[in-house]
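So the structure is just underneath, and the comments pick up after that.
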Amino acid sequence: MNNNCKEIRVLTEILQVKDLTITEKMILSQIDALDQKEGCFASNNYFAELFLLSKTQISKIISDLKKKGWISVKYEVTISYSTRKSSIW
């Protein structure tokens, strides 16, 4: 995924959520911006490069957002190509 992000807008309703860290708010806002009504298909690597974090840190943040009920994650495995694709809703 091309990383040409020039700005990230955080909605007031997300900004004012008390149980999210500022990093979670930023990532959630970017997920929302990338959602094209079919989910967000950005990889952990995309977010890691954008936010200057490790893929492990991004994975934990995505997991935490899921546990807190802000997103759901759907995994699709294509057996013929042995690839894994995930989307965030």
Side-chain angles (χ1 to χ4, degrees):
M1 180 167 281
N2 195 351
N3 196 353
N4 290 329
C5 181
K6 300 211 185 297
E7 66 180 23
I8 296 174
R9 295 180 184 202
V10 181
L11 298 173
T12 303
E13 69 182 66
I14 293 173
L15 191 60
Q16 294 177 340
V17 175
K18 293 181 181 181
D19 74 331
L20 294 179
T21 67
I22 191 65
T23 306
E24 289 171 333
K25 293 173 185 181
M26 299 290 288
I27 291 174
L28 182 59
S29 295
Q30 187 63 9
I31 290 168
D32 184 59
L34 294 171
D35 181 9
Q36 299 298 313
K37 305 300 179 209
E38 294 181 17
C40 170
F41 294 94
S43 67
N44 285 2
N45 191 55
Y46 168 83
F47 289 116
E49 289 178 10
L50 180 63
F51 292 102
L52 303 175
L53 299 170
S54 71
K55 288 189 283 187
T56 302
Q57 289 172 299
I58 295 297
S59 181
K60 181 177 180 342
I61 292 166
I62 297 293
S63 178
D64 290 345
L65 287 170
K66 181 180 174 187
K67 286 177 191 171
K68 293 176 181 181
W70 283 94
I71 60 172
S72 63
V73 179
K74 176 182 169 185
Y75 297 99
E76 296 177 17
V77 178
T78 305
I79 296 173
S80 61
Y81 297 108
S82 299
T83 59
R84 186 174 109 180
K85 179 172 100 175
S86 61
S87 57
I88 303 170
W89 302 83

Subject >> Rounded distance (nearest 0.5 Å) linking atom CD of Glu38 with atom NZ of Lys74 >> reply: 9.5 Å

**OP:** Under the side-chain contact (heavy atoms from CB on, under 4.5 Å) rule, what do Thr21 and Ile61 come out as? Steps first, then yes or no, please.
**Re:** CA-CA 9 Å; Thr21 67; Ile61 292 166; 6.0 Å; no

**OP:** Return the minimal non-hydrogen interatomic distance between Ser54 and Ala48, and the atom names on each side.
**Re:** C-CB, 3.9 Å

**OP:** Please say which of Ile27, Asp32, Leu50 ends up in a side chain to side chain contact (heavy atoms under 4.5 Å, CB included) with Ile8.
**Re:** Leu50

**OP:** Output yes when a side-chain donor or acceptor of Lys25 lies under 3.5 Å from a complementary backbone atom of Leu15, and no otherwise.
**Re:** yes

Original post:
Got Glu24 and Trp70 here, is their nearest side-chain heavy-atom distance under 4.5 Å?
Top reply: no

Original post:
Can you name the closest pair of heavy atoms from Leu20 and Lys68 and give their distance?
Top reply: CD2-CD, 3.8 Å

Subject >> Side chains of Asn45 and Ile58 in contact at under 4.5 Å (non-hydrogen atoms) >> reply: no

Original post:
Does one hydrophobic cluster hold both Phe47 and Leu52, with members joined at side-chain heavy-atom distances below 4.5 Å?
Top reply: no

Original post:
For the residue pair Leu11 and Ser29, what are the closest heavy atoms and their distance?
Top reply: N-OG, 4.2 Å

**OP:** Could you tell me whether the side chain of Leu53 reaches within less than 4.5 Å of the side chain of Thr23, counting heavy atoms only?
**Re:** yes

Original post:
Going through the checks in order, is the side-chain contact (heavy atoms from CB on, under 4.5 Å) test met by Gln57 and Phe51?
Top reply: CA-CA 10 Å; Gln57 289 172 299; Phe51 292 102; over 6 Å; no

**OP:** For residues Leu65 and Val73, determine if any side-chain heavy atom of one lies less than 4.5 Å from a side-chain heavy atom of the other.
**Re:** no

Original post:
Can you tell me how far the CG atom of Asp35 sits from the CZ atom of Phe41, to the nearest 0.5 Å?
Top reply: 8.5 Å

